[in-house]
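First the structure, in the form of structure tokens, and then the observations on it.
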Amino acid sequence: MYLLLAAHPHGAALQELTQAGHPVPATPEPRLISSGELAAVVRDLENRRPNGQRPRWIWHRTQDWYPALLAAGVELERCYDLSLCGNILAVSTFTAHTDYARNAERVVVEDPLLPPRTLQPPPPPADQGALFDAPGSRQEILRSPEELRAEYAAQQVALASVSPEENRRSRLQLLLAAESAAAMIAAEMQHAGVPWREDLHGQILADHLGPRPPIGHRPAKLEALNQELRELLNSPTLNPDSPQDLMRALHRNGIEVKTTRKWELRESTHPAIGPLLAYKQLSRLHAANGWAWLDAWVHGGRFRPEYVVGGVVSGRWASRGGGALQIPRQIRGAVHADPGHKLIVADASQLEPRVLVALARDPSMAEAARNQDLYAGIAAKGFGGDRAKAKMALLGAMYGATSGEAGRLMPQLAKTFPRAVDFVEQAARAGEAGGTVTTRLGRSSPPPSERWFQSQRSASAEEQRRAESIARSRGRFTRNFVVQGSAADWAACWLAELRRRLRTLRSDGHINAELVFFLHDEVMVHAPAEAVDACIAAIEEAASAAKELLFGPIPVEFPVSVAVVDSYDNAK
DNA sequence: TCAATACTCTCG
DNA sequence: TTGACGAGAGTATTGA
């Protein structure tokens with residue numbers, strides 16, 4: 001059953017569709033539902049299961065509907081996110097020949113109502129009445145059921161016209177399903193929140209910074225370091241937070257650095273460097289994850305960031321506010337399981353190089369990848385057992401290193417693993433020439449920027465060099481895109497498969513295990529202690545399933561390393 | 001005065 | 001300016 005949900009001035013318009021996007025004959029007209037009854041109606045339809053299957057909810061954007069439904073206690077199994085899927089279909093090389101892609105500018109609409117990216121916590125969960133027309137809330141851009149239905153039908157037509165060769169059509173279909181599932185998971189994770197002990201966080205801050213200072217003042221330990229620096233650098237008015245001011249003071253004292261970055265400061269042996277590095281570290285802690293952050297982002301023992309699915313062109317998630325994707329190791333001790341619960345932290349080991357092996361079908365590298373430690377396997381085959389060299393060479397190949405040690409190691413890598421190296425080289429050359437590249441499941445890189453086209457028209461020798469530099473830069477982007485993006489394909493499937501298994505555990509075993517965090521190649525599940533084994537099994541099965549879905553039966557492993565901990569800082 | 005940019009840190 | 005890939009975010013500084 002395919003159920004279309006569209007916004008309506010008085011609530012929602014609901015219509016049952018066929019898979020192709022036509023109204024089902026028995027219910028040709030959309031049914032109007034008031035805001036107040038929406039959650040109950042959706043819950044009822046979700047649980048009806050006429051053929052043993054739950055419906056697939058079709059809507060413009062998951063983020064406009066699902067958070068309020070979750071707040072009302074309604075969880076859904078599957079959806080189709082027209083906005084996210086439309087973005088993929090509009091630029092995928094798999095659908096480049098379709099009318100849908102040609103008309104893409106018309107249907108893919110940028111959101112004009114994105115909130116500014118400042119430190120503002122999300123609004124409290126919307127109540128039923130505020131679902132559609134709260135002032136300032138996001139409005140649907142494609143409003144009427146007819147428009148949404150036409151959009152869905154157009155997307156299905158585009159998908160159906162993809163060549164079945166090399167399973168392209170089913171791969172793209174898988175990507176659309178995974179992307180839609182990801183949108184639901186993002187909403188569910190925000191709803192659940194990361195278990196966050198405010199008392200432990202406060203203790204970390206007190207240990208490092210001293211007691212909480214009045215607003216606008218430096219914490220005691222930071223102020224003490226500041227005074228020490230002023231004396232050591234003979235600069236009574238120094239503000240160490242000002243790079244310019246700091247640079248002048250360093251130069252006056254014979255510390256000849258070009259920047260004030262910590263890796264460059266570390267080169268100096270001046271007695272002020274120690275306190276300065278300490279200041280920088282504590283200042284960062286205070287500014288990024290201090291008391292203000294705690295007040296703004298943690299409530300009721302949960303950190304609830306907003307995830308932005310499809311926020312990165314490669315398919316990775318982004319986040320908005322709270323720095324959810326940059327939780328420093330320093331404060332991970334505050335992430336702590338509830339009593340009787342555990343945090344199960346799993347990450348896909350060396351995901352990107354393994355994805356490269358699978359993409360390139362490099363038999364020699366696949367053999368090396370059977371090793372639990374991929375870099376050790378590569379080292380044994382091509383680098384005389386030197387793991388550090390092997391790692392640097394492989395990362396250099398994926399990022400496009402041309403100079404330094406990584407650049408020098410490239411010929412050695414290419415000699416032993418020609419197919420893998422050739423794969424990323426081809427992606428780089430396509431990008432340099434202005435072409436697009438595509439991930440395993442069919443997400444394509446955006447076309448070159450206006451700057452790229454401008455640079456290609458350059459005439460003088462200097463402009464030529466500049467043009468080549470811009471082209472190489474784009475080559476490094478597309479080179480990395482195929483690997484990073486295909487890794488994101490894998491991670492989305494992993495996540496979706498894991499969600500499915502955790503839902504089964506919940507309905508069959510009454511085990512309330514929740515996905516609470518996701519970061520590119522790492523997931524965190526918060527679960528009752530007695531459910532840990534079942535969750536680990538689910539995580540590992542989901543990883544195998546994801547590999548099978550992307551690549552079929554190939555001899556490359558995607559091992560996950562799992563840690564069962566009370567506190568996140570014990571995970572790695 | 002205030003928005004945009006630069007710098008530096010954090011994460012994968 | 002040839003800087004290894006992708007991000008978010010806070011503070012200082014610049015510039016209209």
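We name chains A, B, ... by the order of the sequence lines, and we start the count at 1 in each one.
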The residue, A:His520 or A:Arg466, whose nearest nucleotide of DNA chain C is more 5′ is A:Arg466
Side-chain (A:Thr439) to main-chain (A:Arg443) donor-acceptor, under 3.5 angstrom = yes
Of the candidates C:dC5, C:dA7, B:dC9, the side chain of A:Arg261 sits closest to B:dC9
A:Arg476 has its side chain closest, among C:dG8, B:dG12, C:dA4, to C:dA4
Heavy-atom contacts, protein to nucleotides 11-16 of chain C, under 4.0 Å, summarised as B (base), S (sugar-phosphate only) or - (none) per nt, yield -SSS--
- When all nucleic acid strands are considered with a 4.0 Å heavy-atom cut-off, which category describes A:Arg465: base, sugar-phosphate, or nothing? nothing
Read 5' to 3' with Watson-Crick or G-U pairs under 3.5 Å, [ ] for crossing pairs and | for partners on another strand, DNA chain C gives ....||||||||||||
Worksheet item: Looking across every strand, which nucleic acid part, if any, lies under 4.0 Å from A:Lys572 by heavy atom: base, sugar-phosphate, or nothing?
Response: sugar-phosphate
Q.
Applying a 4.0 Å non-hydrogen cut-off, can you work out what A:Ser283 is touching in the nucleic acid: base, sugar-phosphate, or nothing?
A. nothing
Within the 4.5 Å heavy-atom criterion, are A:Pro353 and A:Ile378 side-chain neighbours or not?
no
Handout entry: Rounded distance in Å between the P positions of C:dG3 and B:dT5
Key = 23 Å
Q.
For a quick check of understanding: with a heavy-atom distance under 4.0 Å over all strands, which category does A:Ile327 fall into, base, sugar-phosphate or nothing?
A. sugar-phosphate
From the list A:Trp291, A:Phe303, A:Trp293, A:Tyr568, ring-ring contact (aromatic ring centres under 6.0 Å, His included) partner of A:His201 resolves to A:Trp293
Taken in chain and number order and not counting sequence neighbours, the residues that satisfy salt bridge (charged side-chain N to carboxylate O under 4.0 Å, His left out) with A:Glu522 are A:Lys572
A:Leu395 CG to B:dG12 C1', in whole Å, measures 12 Å
Considering only heavy side-chain atoms of A:Lys280, the closest of B:dT8, B:dT10, C:dC5 is B:dT8
